[in-house]
Amino acid sequence: MLAWLHIGIIVVTVCVVLYADHHAFRYLLGRERVLDKSATLRLHHMVWALLVGMLVTGTALVWQGWAYYFSIPEFKLKLFFVAVLVVNSFVITSIMHAAFETPFAELPRSRQASFVLSGAASTLGWLGAIATALYLFW
């Protein structure tokens, strides 16, 4: 039952992230002048809550066999990808406010790079975490 809850949280999280990333990508392309602050914050808080849910259920799933799982290199790789997602969530928290007021093209190059690198880290983190989970548990 816990495994299904974990998988369900992952599915919902991926859907929310794809929706949020769609708007972020439109912002990067200039199709959305700025991001709606209320909607973006709501999505960000949802992703945070779902990420915590994934961490709690994922930890509970492997708790009894933690020593075994931690001895598997691919499991450590999965944990690395999850850590990338958690760290990137903090990065997004610190940079997203610029997107509420300033069009992407008007941001300093360093801030534009922060947005692009965060998007790349998110993509790498999600694809890596899902791929390693499928490899480990399928």
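Keep in mind that this is a model prediction, so the values were computed, not measured. Reckoned from all heavy atoms, side chains included, excluding hydrogens, waters and symmetry mates.
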Close side-chain approach of Arg111 and Glu106, heavy atoms under 4.5 Å: no
ILVMFWY cluster, Leu134 and Ile10 together (side-chain gap under 4.5 Å): yes
Connected via hydrophobic side-chain network under 4.5 Å: Leu127 and Val17: no
Sidechain-backbone polar pair: Thr102 side chain, Ala99 backbone, donor-acceptor under 3.5 Å: no
Linked, directly or transitively: Val11 and Trp126 (ILVMFWY side chains, under 4.5 Å): no
From CD (Gln112) to CG (Leu117), nearest 0.5 Å: 11.5 Å
Neighbour count above 12 (heavy atom, 6.0 Å) for Phe100 CZ: yes
Inter-residue atom distance Leu2.CG - Leu61.CG, 0.5 Å rounding: 4.0 Å
Side-chain donor or acceptor of Thr40 paired with backbone N/O of Lys37 under 3.5 Å: no
Exam field: side chain Asp21 to backbone Ala24, donor-acceptor pair closer than 3.5 Å: no
Centroid separation Tyr19 to His22 less than 6.0 Å: no
Backbone N/O of Ser114 and side chain of Ser118: donor-acceptor pair under 3.5 Å: no
Atom of Arg33, atom of Pro103 and distance for their closest heavy-atom approach: NH1-CG, 2.8 Å
Cluster check Val14, Val52: I/L/V/M/F/W/Y, side chain < 4.5 angstrom: yes
4.5 Å side-chain heavy-atom contact, Leu85 and Phe81: no
N/O donor-acceptor pair under 3.5 Å between Asn88 side chain and Ala121 backbone: no
Gap between atom CZ of Phe104 and atom CG of Leu28 - 0.5 Å precision: 4.5 Å
Backbone N/O of Leu55 and side chain of Thr59: donor-acceptor pair under 3.5 Å: yes
Heavy-atom check, side chain of Lys78 versus side chain of Val82, under 4.5 Å: yes
Sole residue of Leu41, Leu35, Leu43 in side-chain contact (heavy atoms from CB on, under 4.5 Å) with Met96: Leu41
Spacing of Arg31 atom CZ and Arg26 atom CZ [to the nearest 0.5 Å]: 6.5 Å
Derivation of the side chain to side chain contact (heavy atoms under 4.5 Å, CB included) call for Leu79 and Phe70: CA-CA 9 Å; Leu79 293 179; Phe70 210 74; 3.5 Å; yes
Gap between atom CD1 of Ile72 and atom CG of Leu77 - 0.5 Å precision: 12.0 Å
Any Phe80 side-chain heavy atom under 4.5 Å of Phe75 side chain: no
Ring centroid separation Phe137 to Tyr69 under 6.0 Å: yes
Minimum side-chain heavy-atom gap Trp48-Thr93 below 4.5 Å: yes
Where Glu101 and Val34 come nearest, the two heavy atoms and their spacing: C-CG1, 3.6 Å
Inter-residue atom distance Met46.CE - Leu51.CG, 0.5 Å rounding: 13.0 Å
Tyr27 ring center within less than 6.0 Å of His23 ring center: no
